[in-house]
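For reference, the structure discussed in these notes is given below.
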Amino acid sequence: MKARVTISLKNGVLDPQGKAIAHALHGLGFDNVGEVRQGKVIELDLGDIAAADAPAEVEKMCTQLLANTVIENYEFELLD
Amino acid sequence: MKAAVIVFPGSNCDRDMKVAIEQSLGTPAHMVWHGDSDLPDVDLIAIPGGFSYGDYLRCGAIAGNSPIMREVVKRAASGTPVLAVCNGFQIATETGMLPGALLRNANQKFICKDVDLKVVGENKRFSGAFASGQVVRFPVAHHDGNYFADDETLARLEGEGLVAFKYADANGEVSDATNINGSRNNIAGIYNEAGNILGLMPHPERLISEQLGGTDGKLFFDNLVNSLN
């Protein structure tokens with residue numbers, strides 16, 4: 001089983017990289033682009049973990065290491 | 001008095017920290033490798049600057065989960081003074097020893113220069129060499145020094161005198177113009193509630209002699225060592 005964790009900055013947390021991306025997109029003529037927020041995607045191979053155990057396990061990984069919940073939100077999906 | 005400097009793969013201010021502490025202390029500081037889980041019996045723990053684990057994932061995140069940090073967190077909780085500089089500050093917030101987080105600088109640039117800092121909160125151990133309101137000059141060298149905390153945490157830090165230093169001008173004026181990296185309320189360093197942990201982005205260990213351009217850092221370390229003796 002695999003998991004795909006998506007981490008994004010919380011609302012209200014300044015994202016200078018997102019701003020720089022927005023600026024560059026505007027420079028390329030994509031004038032419709034408003035706010036840009038950059039995040040990250042982490043894919044995990046969970047081996048042969050029991051499907052029922054996977055959500056709690058990934059949740060723990062997110063809170064203990066993968067995301068800093070002071071500044072970041074996380075969500076994840078499990079993939080067969 | 002005994003001191004330990006924690007060394008991670010990618011630390012690059014550990015030697016400077018050792019020299020600064022030893023200059024004031026007069027005896028050698030222990031250098032403790034991140035993979036160790038035993039920490040000698042010491043009166044001061046320094047978490048130095050650098051790019052531990054290459055800043056992978058988030059700056060300080062992986063170092064914050066290294067074996068030695070579990071011991072550092074325990075010692076800090078039982079009152080051992082901890083000085084966390086630059087990457088050390090990032091690591092300290094990642095472990096929850098200090099509130100908030102350090103984000104990418106608002107201008108996206110790596111900032112490397114001497115800056116003026118206003119001494120804000122009073123803490124005899126860490127800032128006893130300076131008067132509250134005084135301006136000191138320490139160097140900064142960071143890409144992720146933009147201090148963030150939510151409104152509630154910020155109000156608590158300010159209200160309880162836990163803000164240690166703020167980015168200011170030479171006259172001690174704190175404004176948007178002197179906020180080099182976008183930190184909330186111009187915060188450059190903070191104390192924990194118990195007052196035994198200082199986390200700051202600027203590097204006092206880099207200005208410890210006239211040959212290096214200044215001695216504000218020496219005053220800082222002399223006071224720290226004296227207060228622990």
If one checks every heavy atom of Ile42(A) against chain B at 4.5 Å, the contacting part turns out to be side chain
>> Show the nearest heavy-atom pair for residues Val70(A) and Phe148(B), with the distance to one decimal.
In response: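 Taking every non-hydrogen atom into account, O-CE2, 3.9 Å.
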Looking only at heavy atoms, the pair that brings Ala106(B) and Pro16(A) closest together is O-CB, 3.6 Å
Q | Portion of Leu103(B) that has a non-hydrogen atom of chain A nearer than 4.5 angstrom | A |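 For Leu103(B), the contact with chain A is made by the side chain alone.
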Those residues at least two apart in sequence (or on a different chain) that pass side chain to side chain contact (heavy atoms under 4.5 Å, CB included) with Ala54(A) are Met1(A), Leu46(A), Ile49(A), Leu78(A)
Counting distance alone, with no hydrogens or angles, which donor-acceptor pairs between chain A and chain B are under 3.5 Å?
unit_1   : atom_1 : unit_2    : atom_2 : d
Pro16(A) : O      : Gln108(B) : NE2    : 3.3
Lys40(A) : NZ     : Leu57(B)  : O      : 2.5
Leu65(A) : O      : Arg58(B)  : NH1    : 3.1
Leu65(A) : O      : Arg58(B)  : NH2    : 2.9
Leu66(A) : O      : Arg58(B)  : NH1    : 2.8
Asn68(A) : ND2    : Glu94(B)  : OE2    : 3.2

